[in-house]
Structure formats: structure tokens, C-alpha cells
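Worksheet for the structure shown next.
Nothing here was measured: the structure is a model prediction, and the numbers come from that model. Excluded from the calculations below are hydrogen atoms, water molecules and symmetry mates; all remaining heavy atoms, backbone and side chain alike, are included.
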Amino acid sequence: MTRLVTRLVNRSAALLLALAAGGAGQAAPAFDISGAGATFPYPVYAKWAEAYMRQTGVRVNYQPIGSGGGIKQVQAGTVTFGATDKPLQSAELDASGLVQWPMIVGGVVPVANVKGVKPGELVLDGATLAAIYLGEIKKWNDARIKKLNPGLELPNQFVAPVYRSDGSGTNFLFTSYLSSASPEFNAKVGANTSVAWPVGFGSKGNEGVANMAGRTAGAIGYVEYAFVKQTGMPYARLVNRDGNTVAPSIAAFQAAAANADWSSANHYSLVLVDQPGAESWPITGASFILIRRHAKNAGEALAALEFFDWAYREGDQLAIELDYVPLPDNVVALVRQTWSEEITASGKPVWNR
């Protein structure tokens, strides 16, 4: 994912320079759109921006500076929108005068380097993963892992947990899942973008975790699904809330998003881990957009909403090609309703379609 982000950053920068140079004799768009925030959705936002520019002439400049930086910039009004992988709570949104909605969905997948175990053969659940990351399970032939894998020959090999050392939405989703599955993990470690891990080895970014897990015998780690697809790493299937063993896939992430109770979540502040549903992947998460509730410039706010509306209508295939998951139609309908009800400029709705 790191290399993919770098390529897209360079390509997008070149695209903007070319457009700036080649478009000097053309009418400039009324409003360009600026955004900043989470790194996780950057590749798809860049791809959408490129396609949207070709269709409309409107430029979208998104800076992947991290969720915290995006929140600060939209609060300060230096960008039109921010993006975060950890949803803000109602009190935070109200205090900052922001509106929040989900834009894209992805999944976090456990990866393991276990002797003789091929991709998808290993089965784990939340309680067992939590026990591994608490240091309670020390070897791969532990009785708790063997119970989940009765037909798999597991070696007498030490488990080497690998974790993200940098603050990230991936950390937040993974620790949220472990906290939901294990009261002990919740009490000792908790759920956040950055935590104090009791055991294991830290590495920065998806690529760092993947590299360390790949070269460390007995290692287990967790990375975004797109990274698993791109590298072919050995991954684990998980037992979901309904008791079914599921593999990570676009359909499994979509099932988790569709089965989540978005309509009851205040300001869409919903973490998608451990959602019900026979096919739901238990470590699923959304990336969220933030925009000011009372826009200073109606045209600028409308331009941003038109871009996101276009992405919902026409960006699904581009997202899937990059291993992201589009939101279900029922959630998109709720989001558009939120736009019309909550985003205003000079006391009037910005979105009235």
C-alpha cells in the first residue's frame, strides 16, 4: 500500500502540473476542492479525483497527512473537507461544528508466517487473537488454536506478534475488534489509533508489518486487505459474530457494512467491527469525511458534495479495482439525506436534490 500511495502521489502531482500548464487558455472551474486527512483512502480519492477532473474540469486536491491533521485543518477552515478513519463522536462534532459521513469501506486482515500453513488455512477468532496479543498464547500448537483448527497440523513454534508502531486507523480497527472480543484486552490495552502493546515487535505502516511478519518465523500481524491482495501474504480466516468462518473479501466487507445499524448511529459514529451477518468480515471499517456544518462559502461546499455524490454514483468500479468497498445503497441514501438536512450556508441548505 505504501508503494501504491507513493505512485499515486507522484502521478497526481504530475497531473495537476500538466493541467495547470495546459489549461491556461481555458476557463477555470468556479471552485476547486481541497481536502486532507487519512492515508488509508488516499489511493481511491486520488483515482476519483483524476477521473472527476477529466469529466468536469474540477480539481480535487487531497493531502494524505493523517486523520489527526485532517481534523485540525477542516476545523481551522484551511481545507473544504477532512477525512478520518476513526469516527468522531457527537460531542466532538458538535463542538467543532462539523458534519460526518462514511465514504468508503475496507477491512483489516490477520497475516501469519506459520511453518507449513498456506493462505486461508489458519482459522482464528477474536478471543484467540486477543490472547496472542496479550502474550497468553505463546506457541502455535496451543490448545486454543488447535481447537479452531482440528484438521491442521500446527507446529511447536513460538508465536511472534507484530503490531503497527505508528498511530493508524488500522490500529484502531484491530484493537477495537480485540477489545470487543476480550474484556481483558479492553481493560489492559483498549482501542485506539496508538496503544501500549504488552508483547511483540513494532513496525511502521502496512509494508513494515508485512515485511517483518514475512521474515520472522512464527509471526502474526495485521494489514489492510488491499495489501494482502497485492502481496499474496498468508492470511487467516476468522470466526464472525454469527459463528461462521469467513474469508476476507469485497463481499464480506460489504456484508458487514450493510448489516450495521447506520440509521441508529449518531452522526454515523459507528465502528464496523464484529457486525452481525452470516457473511460479515469481523474487522471491517469505514473511512469518514468531515465538512463544516455551516459553510462559509456555499459554492465551495456544494462543489465538494457534488464530487462525493459523483463518487457514490460513478466511482464504485474504480474503488473495487483498488480493493476498496463501496458503501451499500441504503447507506448512501442516508448520507444524501444528511447533506440536505445538516449542511447550510447563510441559513439555507447547500444540498437540495
task = Answer yes or no: is there a donor N or O on one side and an acceptor on the other, between the side chain of Thr128 and the main chain of Ile145, under 3.5 Å?
result = no

message = Surrounding CD of Glu153 (heavy atoms of other residues, nucleotides or ligands, distance under 6.0 Å), is the total greater than 12?
response = no

key: Presence of salt bridge, Asp309 and Arg313, under 4.0 angstrom   = yes

query = Just by modelled atom types, is the Val223 backbone N or O under 3.5 Å from a matching donor or acceptor in the Asn206 side chain?
reply = no

query = Do Val117 and Pro234 have side chains that get closer than 4.5 Å, going by heavy atoms?
reply = no

message = Can you classify the ring geometry of Tyr268 versus Trp262 as parallel (below 30°), tilted (30 to 60°) or perpendicular (above 60°)?
response = tilted

message = Assess the residue pair Tyr225 and Trp281 against the criterion (ring pair (Phe, Tyr, Trp, His ring centres under 6.0 Å)); give the C-alpha distance rounded to whole Å, side-chain angles, the decisive distance to 0.1 Å, and a yes or no.
response = CA-CA 11 Å; Tyr225 173 67; Trp281 179 253; 8.4 Å; no

ask   = Is there a donor-acceptor contact under 3.5 Å from the side chain of Asp166 to the main chain of Gly205?
value = yes

ask   = Any sub-3.5 Å donor-acceptor pair from Thr193's side-chain atoms to Phe172's backbone N or O?
value = no

ask   = Is there side-chain contact between Glu306 and Trp351, with heavy atoms separated by less than 4.5 Å?
value = yes

ask   = Can you name the closest pair of heavy atoms from Gly135 and Val199 and give their distance?
value = N-CG2, 3.6 Å

inquiry  = Quick check against the 3.5 Å criterion: does Asn171 have a side-chain atom that pairs as donor or acceptor with the backbone of Arg164?
reply    = yes

message = Test question: given the 4.5 Å side-chain rule for I, L, V, M, F, W and Y, name all other residues clustered with Val79, or answer none.
response = Ile71, Val74, Leu88, Leu93, Leu98, Leu290

Student check: side-chain heavy atoms of Phe253 and Asp323 closer than 4.5 Å = no

request  = Measure the spacing between CG of Asn259 and OG1 of Thr284 and express it to the nearest 0.5 Å.
outcome  = 10.5 Å

Test item: Tyr163 and Phe174 side chains (from C-beta on) under 4.5 Å apart, heavy atoms = no

request  = Give a yes or no on whether the backbone of Ser280 and the side-chain of Asn240 come within a donor-acceptor separation of less than 3.5 Å.
outcome  = yes

request  = Determine whether Ile65 and Ile291 fall in the same hydrophobic cluster, where Ile, Leu, Val, Met, Phe, Trp and Tyr are linked whenever their side-chain heavy atoms lie under 4.5 Å apart.
outcome  = no

Residue Glu279 excluded, over 12 heavy atoms near CD under 6.0 Å = no

key: Side-chain donor-acceptor pair present, Asp85, Ser287, cut-off under 3.5 Å   = yes

task = Quickly, which of Gln75, Arg293, Lys72 forms a side chain to side chain donor-acceptor pair (under 3.5 Å) with Ser96? Name it, please.
result = Gln75

query = Does Asp32 use its side chain to pair, donor to acceptor, with the backbone of Asn61 at less than 3.5 Å?
reply = no

task = Look at atom OH of Tyr312 and say whether more than 12 heavy atoms of other residues, nucleotides or ligands are closer to it than 6.0 Å.
result = yes

key: Nearest-0.5 Å distance, CE of residue Met53 to CD1 of residue Ile33   = 10.0 Å

ask   = Going by atom types alone, do Lys146 and Asn141 pair a side-chain donor with an acceptor below 3.5 Å?
value = no

request  = Using a strict 4.0 Å threshold on nitrogen-to-oxygen distance, state whether Glu300 and Arg292 make a salt bridge.
outcome  = no

request  = First locate atom CG of Asp125, then atom CZ of Arg144, and finally report the distance between them rounded to the nearest 0.5 Å.
outcome  = 10.5 Å

Over 12 foreign heavy atoms within 6.0 Å of CG, Asp261 = yes

ask   = Do the side chains of Leu148 and Val246 join up, straight or via other hydrophobic residues, at under 4.5 Å, putting them in one cluster?
value = no

key: Side chain to side chain, Tyr222 and Pro161, heavy atoms closer than 4.5 Å   = no

message = So does Gly120 get a backbone contact from the side chain of Arg237, meaning a donor-acceptor N/O pair under 3.5 Å?
response = yes

remark   = Here the gap from Tyr52 atom OH to Tyr45 atom OH, rounded to the nearest 0.5 Å, amounts to 15.0 Å

ask   = When you check the side-chain N and O atoms of Thr170 and Glu224, is any donor under 3.5 Å from an acceptor?
value = yes

key: In one Ile/Leu/Val/Met/Phe/Trp/Tyr side-chain cluster, 4.5 Å: Met212, Val111   = yes

query = With distance as the sole test, does Ser182 use its side chain to make a donor-acceptor pair with the main-chain N or O of Leu178 at under 3.5 Å?
reply = no

request  = Output the distance between atom CD1 (Ile283) and atom CD (Gln275), rounded to the nearest 0.5 Å.
outcome  = 13.0 Å

task = State, yes or no, whether a side-chain contact exists between Val105 and Leu327 at a heavy-atom distance under 4.5 Å.
result = yes

inquiry  = Measuring only between side-chain heavy atoms, which start at C-beta, is Tyr133 closer than 4.5 Å to Ile220?
reply    = yes

note = One should read off an interatomic distance between Lys47 NZ and Leu322 CG, to the nearest 0.5 angstrom, of 6.5 Å

Non-hydrogen side-chain atoms of Leu334 and Trp101 separated by less than 4.5 Å = no

Backbone N/O of Ala219 and side chain of Asn113: donor-acceptor pair under 3.5 Å = no

